Structures are given as C-alpha cells and as structure tokens.
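Here is the structure we will look at, set down as structure tokens.
Sequence positions, counted from 1, serve as the residue numbers for this chain. Model, not experiment: these values are computed from the prediction. Basis for what follows: all heavy atoms, side chains included, without hydrogens, waters or symmetry-related copies.
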Amino acid sequence: MACIRADSIANGVERLTLAAITRRPTLRFILALRVAEWLTGSKSAFAKLAAPISRAYLLRVSVRLGFSIPLNVCGPGLALPHWGSIVISAHARIGRNVRIHSGVNVGGTPNNAPVVGDDSYLGPGAKLFGPIKLGDGCIVGANAVVTKSFPAGSVLVGVPARVTRVRLEGLE
C-alpha cells in the first residue's frame with residue numbers, strides 16, 4: 001500500500017521492518033489505522049471478518065497512546081512524532097504529509113469541521129475548531145487556537161491564532 005509507505009517515510013523510516021514497528025509505537029498505531037481503513041473499505045469476505053478485529057486492535061493501541069484519530073480522516077504521509085493526547089473529529093479532513101504533535105485537538109460537527117491542507121504542521125497543543133480551512137503548507141504554532149480560515153503558507157500563532165508571516169518557499 002502506497003499510503004503505508006508514505007506514512008513510514010514521513011515518520012523517518014525508510015524501510016518498514018519488524019524492528020521499526022516494534023520500537024516505534026506511533027508507527028504501530030499508524031499501521032493499525034491504515035490496515036483498519038483498508039479492511040473496512042474492502043468488500044471481500046475475509047475483510048468483512050477481519051475488519052472488526054482490526055478495529056478492536058486499533059482501539060486498544062489508540063487508548064494506550066492517547067490517540068483519538070478516526071478512520072479515513074488523515075491523508076497519506078501522516079507523521080505522529082510523539083504519543084500523547086491527539087483528538088481529531090471524524091468530520092475533519094487532514095491532508096497529505098501532515099505532522100501532528102501531542103496535545104492537538106481538531107474538533108467539529110458534520111457541517112462545521114476543519115480542513116487542513118497538504119504539507120501542514122500542527123504544533124504541540126494546537127486547537128482547531130469550526131468550519132475552517134487551512135491552505136497547504138500552513139504551520140500552526142504550539143498552543144495556537146485556530147477558529148477561522150487561513151491561506152496557504154500561513155504561519156499561525158497565538159490565541160486566537162493570527163498570521164505572523166506567509167511562507168512562499170516550497171509552495172506552488
């Protein structure tokens with residue numbers, strides 16, 4: 001699966017080995033998340049039997065690490081450098097190659113959930129609430145509270161979050 005490959009590279013693992021999975025609990029969580037997503041979306045008879053077991057294992061790993069990340073919310077290249085409380089709404093959408101630190105909360109309701117663009121960074125303790133959209137390449141600083149939308153490349157800090165600068169390098 002290309003998604004698992006992108007996730008392992010985003011977490012600093014070039015080659016996914018048993019040793020890498022055993023040493024890195026966050027990588028083990030991401031692998032369990034991707035397998036549960038794949039099995040839940042598959043129509044095969046095997047997947048229908050294995051999906052509930054996979055989701056139960058994912059729940060066990062989630063509770064141990066403090067993650068509440070639902071299926072099919074995060075794009076490929078998800079990086080979780082630390083374990084600790086991370087809560088993401090099932091209605092939110094997280095783009096590709098997003099790095100999420102501990103203490104992050106991305107909350108919302110079905111019609112009012114955040115959308116985080118590709119290649120973004122959510123610093124420790126960042127909070128995102130409501131019907132907001134962050135463009136690609138946004139950086140949300142530690143403990144920032146984001147309650148409105150911002151364009152691509154924005155560097156956000158403070159409570160409430162405000163733009164300190166706009167990065168243009170690396171954005172197309």
Side-chain angles (χ1 to χ4, degrees), residues 1-14 16 24 26-27 29-38 40-41 58 62 65-172:
M1 286 174 52
C3 195
I4 291 174
R5 176 86 175 122
D7 291 337
S8 62
I9 290 171
N11 285 281
V13 176
E14 281 296 316
L16 196 60
R24 296 175 178 243
T26 57
L27 191 58
F29 168 81
I30 292 171
L31 186 60
L33 176 72
R34 298 308 184 189
V35 169
E37 287 174 348
W38 179 72
T40 302
L58 177 64
S62 295
L65 297 177
F67 297 158
S68 178
I69 301 175
L71 301 179
N72 301 312
V73 169
C74 299
L78 174 65
L80 303 171
H82 307 285
W83 51 292
S85 177
I86 296 176
V87 179
I88 299 177
S89 167
H91 307 291
R93 292 292 159 246
I94 308 293
R96 299 171 159 273
N97 303 316
V98 174
R99 187 174 186 87
I100 303 174
H101 284 267
S102 61
V104 169
N105 189 327
V106 181
T109 61
N111 297 324
N112 295 320
V115 176
V116 178
D118 298 342
D119 304 310
S120 293
Y121 171 91
L122 304 179
K127 312 290 185 259
L128 289 75
F129 299 107
I132 62 171
K133 184 172 186 341
L134 296 183
D136 295 344
C138 281
I139 295 175
V140 180
N143 296 316
V145 178
V146 183
T147 57
K148 63 181 186 175
S149 298
F150 289 96
S154 297
V155 178
L156 311 170
V157 298
V159 180
R162 64 190 181 287
V163 176
T164 57
R165 70 184 178 112
V166 176
R167 301 175 325 118
L168 297 176
E169 72 278 355
L171 299 175
E172 302 169 309

Item to check | CA sep, side-chain torsions, deciding dist, call: L58, F29, side chain to side chain contact (heavy atoms under 4.5 Å, CB included) | outcome: CA-CA 7 Å; L58 177 64; F29 168 81; 3.5 Å; yes
Next on the checklist: Walk me through whether V116 and I100 qualify under side chain to side chain contact (heavy atoms under 4.5 Å, CB included).
Outcome noted: CA-CA 11 Å; V116 178; I100 303 174; over 6 Å; no
Item to check | Steps toward side chain to side chain contact (heavy atoms under 4.5 Å, CB included) verdict (I4, L31) | outcome: CA-CA 7 Å; I4 291 174; L31 186 60; 3.6 Å; yes
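Counting only heavy atoms from C-beta outward, the side chains of N97 and D118 never approach each other to under 4.5 Å. Using a 4.5 Å heavy-atom threshold, the side chains of P114 and I132 count as touching. Side-chain contact between V159 and K127 is absent, with no heavy-atom pair separated by less than 4.5 Å. Contact annotation: the side chain of I88 approaches that of P70 to within less than 4.5 Å [non-hydrogen atoms, C-beta and beyond]. At least one side-chain heavy atom of L33 sits under 4.5 Å from a side-chain heavy atom of L71. A 4.5 Å side-chain heavy-atom check between V104 and V140 finds every atom pair outside the cut-off. Considering only heavy atoms from C-beta on, V155 stays 4.5 Å or farther from V163 through its side chain. Using a 4.5 Å cut-off on side-chain heavy atoms (C-beta onward), R5 and E14 make contact.
Exactly one residue among L128, V145, V87, I86 makes a side chain to side chain contact (heavy atoms under 4.5 Å, CB included) with N105. That residue is V87.
For A126 against G141, the heavy-atom pair with the smallest separation is CB-O, 4.0 Å. Heavy atoms only, all atoms of each residue included: A113 and H91 are closest at CB-O, 3.2 Å. Among all heavy-atom pairs drawn from S120 and G137, the shortest one is OG-N, 3.6 Å. Here the closest heavy-atom approach between residue A79 and residue A10 is recorded as CB-O, 3.6 Å. Across all their heavy atoms, H82 and F67 have their closest contact at O-CZ, 3.7 Å. Shown here for G12 and R24, the closest heavy-atom pair between the two residues is O-NH2, 4.1 Å.
Taken from CD1 in I139 to CG in L156, the straight-line distance is 9.0 Å, to the nearest 0.5 Å. For the atom pair SG (C74) and CZ (R34), the distance works out to 6.5 Å, reported to the nearest 0.5 Å. Rounding to the nearest 0.5 angstrom, the gap separating the SG atom in C3 from the CD1 atom in I30 is 9.5 Å.
The backbone N or O of N72 sits less than 3.5 Å from a side-chain atom of E37, completing a donor-acceptor pair. A side-chain donor-acceptor contact under 3.5 Å links N11 to the backbone of L78.
The local environment of CZ in R96 is sparse, with at most 12 non-hydrogen atoms from other residues, nucleotides or ligands closer than 6.0 Å.
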